[in-house]
Amino acid sequence: MAIPYNHREVESKWQSVWDEEKAFGTSEDHTKPKYYALVEFPYPSGDGLHVGHPRPYTALDIVARKRRMQGYNVLYPMGWDAFGLPTENYAIKHHIHPRIVTKNNVARFKSQLHSLGYSFDWDREVNTTDTDYYKWTQWIFLKLFKAGLAYKAEMPINWCTSCKVGLANEEVVNGVCERCGSEVIRKVKSQWMLKITEYADKLIQGLDTVDYIERVKISQKNWIGKSTGAEVDFSITGKEDRLRIYTTRPDTLFGATYMVVSPEHPMIEKYRAEIRNYDALAAYREQAAKKSDFERTELAKDKTGVQIDGLTATNPVNGRKIPIWVSDYVLMTYGTGAIMAVPAHDERDWEFAKKFGLPIIEVVAGSPVSVQEQVFTDVATGTLVNSEFLDGLSVADAKKKIIAFLEEKGIGQSKTNYKLRDWVFSRQRYWGEPIPIVICEKCGFVPLEESELPLMLPEVESYEPTDNGESPLAAMEGWVNTTCPHCGGPAKRETDTMPQWAGSSWYFLRYTDPHNDKALASKEALEYWMPVDWYNGGMEHTTLHLLYSRFWHRFLYDNGVVPCPEPYQKRTSHGMILGLNPHNLQNLAEDEREELLKAHGGEQGARKALRDKFGEMADHPVVKMSKSLGNVVNPDDIVMEYGADTLRTYEMFIGAFDLSAAWSEDGVKGCRRFLERVWKLQDMLAEGEGYSADLETRMHQTIKKVSNDYENLKYNTAIAAMMSLINEFNKKNAVTRGEYRTFLTLLNPVAPHITEELWQAAGFEGRLYQAKWPDYDEAKTVEAQVEIGVQVNGKLRATISVPRDEDKDRIIQAAKEALGDKLSGNVVKEIYVPGRLVNIVAK
RNA sequence: GCGGGUAUGGCGGAAUAGGCAGACGCAAGGGACUUAAAAUCCCUCGGGGGCGACUCCGUGCCGGUUCAAGUCCGGCUACCCGCACCA
């Protein structure tokens with residue numbers, strides 16, 4: 001009898017061996033086929049690893065380990081996205097330098113990851129806060145600046161009142177700060193911006209060349225929000241000036257019955273003298289400005305507005321005079337900040353027109369109901385009417401014709417717009433990459449020389465953000481005051497720092513050549529390793545990190561720095577790991593639940609009581625893990641009690657990889673039991689390097705299934721197949737050495753420690769991590785004898801066992817015999833699906 | 001409102017390309033072993049009816065296509081995630 005399975009001994013033993021043997025480094029032999037597997041590097045927070053982290057890390061560790069065994073030169077790296085607010089806030093609170101905080105957190109994360117047995121190549125570890133690293137982040141910024149893609153602009157930004165920092169649009173969630181949940185207000189500040197909008201089209205087109213899961217592509221496209229239409233100039237009655245609008249429906253131009261400009265539109269100030277109700281407009285504008293973005297959209301249902309008294313516009317195609325209104329449903333930040341309103345064919349315009357009694361003119365016929373009753377927006381079926389030379393045309397044709405007309409007359413042209421905004425790139429914070437720009441009174445913004453990089457973060461007394469919105473760096477006079485690299489005169493340094501997204505926008509490039517001090521990575525390394533073959537990460541990064549990094553990468557490609565236009569060949573996303581909600585009725589302790597049920601007269605009352613106490617969230621049996629709910633599971637505890645192999649197996653077995661799944665400790669136990677059964681296989685080991693006759697088909701099937709499932713995110717069914725196989729061994733109480741060898745190899749990527757130990761104990765040659773991945777023979781995956789179902793009129797009535805390649809007639813004959821007197825009436829049709837079933841249709 | 005996703009036993013979830021629904025695991029019940037418990041092993045485990053071989057019903061709801069539908073088509077409902085007045 002073998003000794004009992006002691007996971008602690010086994011796991012620490014093999015982790016040391018792998019370290020000593022440098023088991024998972026990459027080969028310098030660049031003639032070997034490469035495979036670059038990547039997971040998002042974590043932010044090393046003070047809380048340590050969460051059970052959510054191992055899900056993606058294990059998934060790609062499986063792929064990396066399998067690919068190595070298949071002979072690929074695999075790069076599977078890990079690093080730290082270590083700049084960021086929480087570290088800075090922790091530093092402020094505890095008066096510890098953020099560098100020290102980072103160092104401690106990284107050490108903790110690293111030991112946790114190590115204890116999980118990941119095959120990361122630690123020689124390639126990167127850290128965004130290292131000067132050798134952020135030197136190149138700054139270098140890329142300078143390139144962007146020199147290309148005119150980085151600029152400073154006075155603009156209203158999203159300002160987090162608690163973090164005291166400007167946020168990108170992507171970082172504002174439901175009107176509050178994504179990170180701290182505090183209120184976000186608009187504040188006008190001078191900010192560094194990156195012109196991601198210039199890359200909008202390339203970012204959309206690039207999606208056609210890569211293998212991303214569909215919902216990621218769709219989210220990115222929606223976020224970029226490309227729309228094509230036209231800009232049209234309306235004249236302002238009695239003025240030389242034109243009012244330019246943007247529309248996606250130029251075909252409805254004849255149906256414009258009024259115009260709307262945004263409350264911030266400059267024409268209001270420009271024509272202040274002529275406007276008779278300026279005070280009312282100013283009051284409206286003030287009211288609109290006070291609304292946060294959140295309120296503005298919350299109140300979307302109820303349209304408000306004020307007509308400009310004293311100005312009218314003229315429709316350029318029919319000369320009709322129409323009123324101009326001001327309303328906050330028109331945004332200054334999109335299009336031209338002004339629209340033509342066609343209430344008959346636009347939902348918002350229709351609502352507004354109904355509320356303020358404005359005329360509604362139908363110009364696209366085809367609605368079953370009058371446009372006075374209901375808006376008609378269908379572009380596929382309508383036909384133009386009341387539109388002079390457009391009458392009778394389809395919407396698509398009318399668009400073409402009117403745009404040609406506008407362009408010919410010089411009153412408009414086709415135009416593409418995007419929802420995507422430029423990226424707010426500065427943060428008024430200490431713990432980030434300094435922006436390598438000097439502000440000279442004479443020369444303006446001057447980039448540092450490349451040789452000056454890295455521009456290091458200075459040591460400061462206090463990291464506190466300031467209420468006036470300046471970075472803590474601004475108080476460091478000795479650092480701020482410098483000379484202009486261009487004219488040598490007195491100048492000041494930029495004191496804002498870069499956002500956390502900067503370092504993570506190119507880290508995958510650094511992994512290919514992490515110690516290079518001449519370039520961000522050598523051409524040779526980039527040529528060999530890029531693009532990343534498979535990148536897995538959270539859905540929440542789809543419109544942030546993923547888009548930003550594609551933008552940087554594409555820019556670097558356009559500038560000859562990297563060899564491929566897209567950084568990631570394949571992108572997948574994992575689901576979250578959720579915890580039980582302690583405030584949900586079904587999760588209460590039994591006595592507590594009984595009591596509540598009694599007190600509130602049954603289930604409905606009890607649920608309502610919980611909802612009143614804890615809010616709507618009480619309705620959900622499973623929720624995100626959070627410290628405040630006390631439902632967080634620490635992976636260290638699981639590793640300690642059950643082992644890393646069990647944790648890895650469980651997280652892969654928990655359910656479909658891309659869906660969220662609820663943590664269950666009972667499920668963990670089930671996986672532990674599975675590994676215990678694996679451990680016991682060594683007691684039933686039988687001679688024979690091949691497969692036993694009765695299991696040969698099964699072995700080939702399992703190799704095929706596991707190999708495919710590992711590559712297709714179907715880890716749960718791969719593990720199920722191995723569980724089934726072990727049940728077969730148990731039934732016979734025997735496993736040949738050949739079967740054992742294959743089994744251990746298949747399981748190794750999921751549970752690397754236990755399998756390595758058993759491999760050694762069985763006396764197989766070398767190390768399992770270096771073994772060859774087993775092959776299967778397609779011909780041997782099909783069974784010679786198959787069970788097929790026999791149906792009568794589609795209902796199962798019997799099963800028969802037949803040789804797989806038996807001919808149809810004989811099978812049908814056998815089926816009929818098996819049915820006996822269950823078959824009555826006239827046989828109308830006989831259907832045979834090879835290897836599956838026979839269906840006899842009888843009347 | 002728009003976009004995307006999901007819905008299968010007590011639970012997590014399986015089910016190539018329309019072909020035997022419920023693999024695998026958990027929980028539960030029964031049994032073996034044990035002085036006992038834990039662990040382990042064996043059996044049962046969607047629902048109804050029948051002593052029984054069997055039989056009827058069953059994949060969120062309503063309809064359809066088909067010899068055959070969890071899977072395809074049309075129409076809904078509920079929940080989850082994004083976006084949200086983008087003209």
Side-chain angles (χ1 to χ4, degrees), chain A residues 4 173-174 214-219 221-223 225-227 229 245-249 252 260 262 293-294 296-301 303 327-331 333-342 345-349 351-352 417-421 539-540 542-543 575-576 586 619-621 649-650 653-656 658-671 673-674 676-677 680 705 708 714 716-727 730 787-799 822 828-842:
Chain A
V173 176
N174 290 338
E214 204 51 35
R215 56 194 174 122
V216 168
K217 285 191 183 182
I218 290 165
S219 300
K221 276 185 197 156
N222 289 346
W223 190 262
K226 181 175 181 168
S227 80
I245 60 99
Y246 173 70
T247 178
T248 54
R249 293 293 304 277
T252 62
V260 187
S262 138
D293 267 6
F294 185 51
R296 208 157 146 167
T297 55
E298 270 301 277
L299 298 172
K301 287 114 219 162
K303 297 257 180 312
S327 172
D328 64 0
Y329 84 88
V330 174
L331 309 174
T333 49
Y334 185 79
T336 60
I339 61 155
M340 67 170 190
V342 184
H345 307 293
D346 180 278
E347 219 154 307
R348 293 148 306 184
D349 298 345
E351 261 178 58
F352 193 83
N417 266 324
Y418 302 91
K419 290 187 199 175
L420 186 69
R421 290 287 107 83
M539 226 24 226
E540 70 275 21
T542 303
T543 50
M576 261 188 306
Q586 73 180 65
D619 292 338
H620 304 287
T649 307
Y650 173 63
F653 188 60
I654 193 166
D658 57 334
L659 299 179
S660 55
W663 182 267
S664 143
E665 188 144 347
D666 280 329
V668 176
K669 284 180 192 160
C671 289
R673 280 204 277 265
F674 166 58
E676 298 270 2
R677 287 199 293 275
K680 284 186 191 150
K705 177 154 187 64
N708 291 338
K714 300 180 81 176
N716 52 337
T717 50
I719 292 168
M722 291 185 281
M723 287 174 167
S724 287
L725 185 58
I726 208 169
N727 291 344
N730 277 328
E787 290 260 306
I788 65 169
V790 179
Q791 298 181 334
V792 177
N793 296 333
K795 292 198 172 168
L796 187 69
R797 284 294 176 263
T799 54
K822 280 177 201 158
V828 183
K829 203 170 180 181
E830 291 158 344
I831 290 145
Y832 172 55
V833 183
R836 293 277 181 179
L837 55 66
V838 170
N839 187 17
I840 296 178
V841 186

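Numbers restart at 1 for each chain; the letters A, B, ... are given by sequence-line order, proteins then strands.
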K.L.:
In whole angstrom, give the distance that lies between atom NZ of A:Lys829 and atom P of B:rC67.
P.N.:
5 Å
K.L.:
Hey, which of these two, A:Ser227 or A:Ser660, hits RNA chain B nearer its 5' end, going by closest nucleotide?
P.N.:
A:Ser660
K.L.:
Report which part of the nucleic acid A:Ala662 touches: base, sugar-phosphate, or nothing (heavy-atom distance under 4.0 Å, all strands).
P.N.:
nothing
K.L.:
Work out how far the P atom of B:rC81 is from that of B:rG9, and round it to whole angstrom.
P.N.:
22 Å
K.L.:
Just the rounded figure in Å: distance from C1' of B:rA87 to NZ of A:Lys303.
P.N.:
11 Å
K.L.:
In whole Å, measure the gap between the P atoms of B:rU71 and B:rG18 for me.
P.N.:
11 Å
K.L.:
What distance, rounded to whole Å, do you find between the two P atoms, one in B:rC11 and one in B:rG4?
P.N.:
30 Å
K.L.:
Got a sec, which residues hit side chain to side chain donor-acceptor pair (under 3.5 Å) with A:Glu665, two or more places apart in sequence or on another chain?
P.N.:
A:Tyr642
K.L.:
Report the glycosidic orientation of B:rG9: syn if within 90° of 0, anti in every other case.
P.N.:
syn
K.L.:
If we take the P atom in both B:rU59 and B:rC72, what is their distance in whole Å?
P.N.:
15 Å
K.L.:
So, using side chain to side chain donor-acceptor pair (under 3.5 Å) as the criterion, who are the partners of A:Asn839 when residues are at least two apart?
P.N.:
none
K.L.:
Taking side chain to side chain donor-acceptor pair (under 3.5 Å) as the definition, give me every residue that meets it alongside A:Ser219, ordered by chain and number, with sequence neighbours left out.
P.N.:
none
K.L.:
Answer with yes or no after comparing the ring centroid distance for A:Tyr650 and A:Trp663 against a 6.0 Å cut-off, counting only values under it.
P.N.:
yes
K.L.:
Rounded to whole angstrom units, what separation is found between the OH atom of A:Tyr334 and the P atom of B:rC83?
P.N.:
18 Å
K.L.:
For A:Thr247, which contact category applies under a 4.0 Å heavy-atom criterion: base, sugar-phosphate, or nothing?
P.N.:
sugar-phosphate
K.L.:
Show the numbers, then the answer: is there a side chain to side chain contact (heavy atoms under 4.5 Å, CB included) between A:Val790 and A:Arg797?
P.N.:
CA-CA 6 Å; A:Val790 179; A:Arg797 284 294 176 263; 5.6 Å; no
K.L.:
Please report, rounded to the nearest Å, how far the C1' atom of B:rC42 is from the CG atom of A:Asn730.
P.N.:
12 Å
K.L.:
Let me have a per-nucleotide readout for nucleotides 43-50 of chain B, 5' to 3', with B, S or -, counting only protein heavy atoms under 4.0 Å.
P.N.:
--------
K.L.:
Quick one: is the NZ or CZ of A:Lys303 closer than 6.0 Å to the six-membered ring centre of A:Tyr329, and within 45° of its axis?
P.N.:
yes
K.L.:
With sequence neighbours excluded, what pairs up with A:Lys669 under the salt bridge (Lys or Arg N to Asp or Glu O under 4.0 Å) test?
P.N.:
A:Asp666
K.L.:
Atom CG of A:Asn793 to atom P of B:rC56: distance rounded to whole Å?
P.N.:
12 Å
K.L.:
Flag the pair A:Val841 / A:Glu830 as yes when at least one side-chain heavy-atom distance between them is below 4.5 Å, and no otherwise.
P.N.:
no
K.L.:
Taking only residues two or more places apart in sequence or in another chain, which ones pass side chain to side chain donor-acceptor pair (under 3.5 Å) with A:Glu676?
P.N.:
A:Arg672
K.L.:
On a whole-Å scale, what distance lies between the C1' atoms belonging to B:rC79 and B:rU8?
P.N.:
16 Å
K.L.:
Any chance you could list the contact pattern along nucleotides 15-28 of chain B? Use B for base contacts, S for sugar-phosphate-only contacts and - for none, protein heavy atoms under 4.0 Å, 5' to 3'.
P.N.:
SB--BB--BBSSS-
K.L.:
Tell me every residue that passes ring pair (Phe, Tyr, Trp, His ring centres under 6.0 Å) with A:Tyr334, counting only those two or more places apart in sequence or in another chain.
P.N.:
none
K.L.:
With sugar-phosphate meaning primed atoms plus P, OP1 and OP2, does A:Ile654 contact a base, only sugar-phosphate, or nothing at under 4.0 Å between heavy atoms?
P.N.:
sugar-phosphate
K.L.:
Can you tell me, in whole Å, how much space there is between the P of B:rA27 and that of B:rU66?
P.N.:
47 Å
K.L.:
Taking the same atom, C1', in B:rA78 and in B:rC61, what whole-Å distance lies between them?
P.N.:
10 Å
K.L.:
Whole angstroms only, please: what is the CE-P distance between A:Met539 and B:rC80?
P.N.:
18 Å
K.L.:
Shortest non-hydrogen contact from A:Ser262 to A:Leu331?
P.N.:
CB-C, 4.0 Å
K.L.:
Using the P atom as the point on both nucleotides, what is the distance between B:rG3 and B:rG10, in whole Å?
P.N.:
35 Å
K.L.:
Dot-bracket for RNA chain B, please. Rules: Watson-Crick or G-U, both distances under 3.5 Å, ( ) within the strand, [ ] when a pair crosses earlier ones, | for another strand, . otherwise.
P.N.:
(((((((..(((......[....))).(((((.......))))).((((....))))..(((((..]....))))))))))))....
K.L.:
For nucleotides 3-8 of chain B, print each protein N/O atom paired with a nucleotide N/O atom at under 3.5 Å, atom names and distance only.
P.N.:
{"from": "B:rG3", "atom 1": "O2'", "to": "A:Asn222", "atom 2": "ND2", "distance (Å)": "3.2"}

K.L.:
Residues two or more places apart in sequence or in another chain: which of them pass salt bridge (Lys or Arg N to Asp or Glu O under 4.0 Å) with A:Asp346?
P.N.:
A:Arg348
K.L.:
What pairs with A:Lys705 under salt bridge (Lys or Arg N to Asp or Glu O under 4.0 Å), at least two apart in sequence or on another chain?
P.N.:
A:Asp709
K.L.:
With a 4.0 Å limit, can you tell me whether A:Tyr329 has a side-chain N or O closer than that to the phosphate oxygens OP1/OP2 of B:rA87?
P.N.:
no
